[in-house]
Amino acid sequence: MKMKVLIVGGVAAGASAATRLRRLDEHAEIIIFERSGYISYANCGLPYYIGDVIQDPAQLSLQTAESLYSRFRIQVKTRHEVLAVHPERKAISVLDLEKGISFEECYDKLILAPGAKPSLPPLPGRDLDRVFTLRTVEDSLRLKEFIREKQIRSAALVGGGFIGVELAENLRQQGLDVTVIELGKQLMTPFDPEIAAFIHAELRKNGIQLALEQAVEGFIKREEGIDILLKDHPSMRTDMVVLAVGVNPDTAFLKDAGLEMGMKGSIVVNEHMETSIPDIYAGGDAVQVRHFVSGNAALISLAGPANKQGRIIADNICGRESCYKGSQGSSVLKIFDLTAASTGLNEGSAKIAGFDVEKIILSPMDHAAYYPDGKLMLMKLLFEKESSRLLGAQILGYGGVDKRIDVLATAIHAGMKGTDLKDLDLAYAPPYSSAKDPVNMAGFLIDNISSGILKQWQLEELPALLENSSVTLLDTRKEEEFAEGHIPGFINIPLDALRENLESLDPAKPIYLICQSGLRSYIASRILEGRGYRAYNFSGGFRFYDAVVNGRCLAAAASPCGMNK
């Protein structure tokens, strides 16, 4: 007797589960119910369709109902909304949105992959025709057509996550005046504040206005455009608004199903992606997962985990034991010419999870410095102090960022220590890397810290140091670099003149060092330690300090006097 499998949702997890099921079981009856008119579409590509980077909407869908049936004999019912699940009789209630007809469908196995829906705060004017959300292909078609028909010249995006930032770039490249409104102090919360500062600078450099720490209280339609009401700020006039304040699991239809539910209405599953009710599985943005690094419950709405979960569900339905080991949130984002990527925990979440966190910040070149057109990267790595276990990484740059974040994501998944990075045998040729790859360099730094060779100080310690007369603050850059800009309170002794000027330094005072990138001040710290001084090196260098404190963009290339010359 052939097995009948129903799937609620036909995008990442649902489509992945369906096709894997067919590859494992040629005879199963497989039916997908999808509320929208499209299946297996690329949510992540929607902003790029609006920005005309992707011009044919057909390219947004990896499969169609017709292609899935032709190749896999999978039945796909688009424009069908699942209204309820009835585990006691192993059936679901479905509404055909085109015909307005409701019916029940029975199952042997049920897969829930409804995804997540945009969070819609109950704001006055939210339903106005100039206020949009972006979740489905239909949303993007409607939004793009509105921009064309109304000749839209300005837009405000409420929310500074992935969709908000990607859509801001694409609208700006279409010539619109764009403002991003964010309730918090920063955009892109997977990144720590000092790393997000570079994202802010890149957006501003490209003409995008940021309205941080501003709360939207509602919208008022005007004859030409719409007013955004802001708490404790004047209202903002714009032509259109896109709400991108986050997503929540789209699980309201499960309220009477008796399933165990988790944070924000998500579906609780075990490592086999089984729900609390036999024969019902769930995957994708609607499920609560275990964070791979912290072990805590998490909601991580990303396509990669969703696709893997769909495959795991199919394996287990077909008797092949398969486990989901957790999500670590690996992601990458294009922001005009800048690439930003992260994996694992950021510093804030690592501390909340109870880790004793150490960090390094370095700015290597993406390939050999002597090969033309090298670009700087900024890397922040987090590791546990006692064990050196890797906890997370954040990288910004103009080239080679995705390669390095993937290496670090793999290292975290493998449970590697930060010190192990120095031993990785990574590919090298001058156009692609250096003989000491940036990942290796991070390993060298962590190894030096773990062995006590290197002692650091961090940006957040600076205010206290400037008030402390019992320390010496020393800048080891060249005199011309120091003259171009320095931190008040620091004295200047260039590295190459340090040994000849040791008598000017009080051996009773610890010395806090800085240079452009951290290399010369590290060498200075070794000289001083070898002469009996206590020395601490600034993590990140003056280039990092200057960018964060003064809102500058990430430098594309190292300065002539910097570490890469």
Got a list of side-chain donor-acceptor pairs under 3.5 Å for residues 347-358, not counting sequence neighbours?
{"from": "Glu347", "atom 1": "OE1", "to": "Lys359", "atom 2": "NZ", "distance (Å)": "3.1"}
{"from": "Glu347", "atom 1": "OE1", "to": "Lys380", "atom 2": "NZ", "distance (Å)": "2.7"}
{"from": "Glu347", "atom 1": "OE2", "to": "Lys351", "atom 2": "NZ", "distance (Å)": "3.1"}
{"from": "Glu347", "atom 1": "OE2", "to": "Lys359", "atom 2": "NZ", "distance (Å)": "3.2"}
{"from": "Ser349", "atom 1": "OG", "to": "Asn346", "atom 2": "N", "distance (Å)": "3.1"}
{"from": "Ser349", "atom 1": "OG", "to": "Asn346", "atom 2": "O", "distance (Å)": "3.1"}
{"from": "Ser349", "atom 1": "OG", "to": "Asn346", "atom 2": "OD1", "distance (Å)": "2.8"}

### Pair Thr343-Gln328, side-chain hydrogen bond (donor to acceptor under 3.5 Å, both in side chains): steps then yes or no
CA-CA 6 Å; Thr343 187; Gln328 63 188 61; 3.0 Å; yes
### Message
Before you tell me yes or no, could you show the steps for Asn206 and Glu169 under side-chain hydrogen bond (donor to acceptor under 3.5 Å, both in side chains), namely the whole-Å CA-CA distance, both residues' side-chain angles and the distance that decides it to 0.1 Å?
### Response
CA-CA 8 Å; Asn206 286 279; Glu169 174 189 350; over 6 Å; no
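- Between Phe103 and Phe33, the angle of the ring planes lies from 30° to 60°, which puts this pair in the tilted group.
- Side chain of Asp366 to main chain of Lys375: a donor-acceptor pair is present (N/O by atom type, distance under 3.5 Å, no hydrogens or angles).
- With hydrogens and angles ignored, the 3.5 Å screen pairs a side-chain donor or acceptor of Arg22 with a backbone N or O of Arg73.
- Heavy-atom neighbours of Lys144 NZ from other residues, nucleotides or ligands within 6.0 Å: above the threshold of 12.
- No side-chain donor-acceptor contact under 3.5 Å links Glu271 to the backbone of Met273.
- Counting heavy atoms from C-beta outward, Met261 and Ser266 have side chains that stay 4.5 Å or more apart.
- The environment of Arg71 atom CZ is sparse: at most 12 non-hydrogen atoms of other residues, nucleotides or ligands sit within 6.0 angstrom.
- Partners of Asp337 according to the salt bridge (charged side-chain N to carboxylate O under 4.0 Å, His left out) rule, which considers only residues two or more places apart in sequence or in another chain, do not exist here.
- The line from NZ of Lys403 to OG1 of Thr339 is 14.5 Å long, rounded to the nearest 0.5 Å.
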### Query
Does the pair Lys150 and Asp239 meet the rule for a salt bridge (charged side-chain N to carboxylate O under 4.0 Å, His left out), with working shown?
CA-CA 9 Å; Lys150 302 294 185 182; Asp239 289 341; over 6 Å; no
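- Using a cutoff of 4.0 Å between basic side-chain nitrogens and carboxylate oxygens, Lys417 and Glu384 are not scored as salt-bridged.
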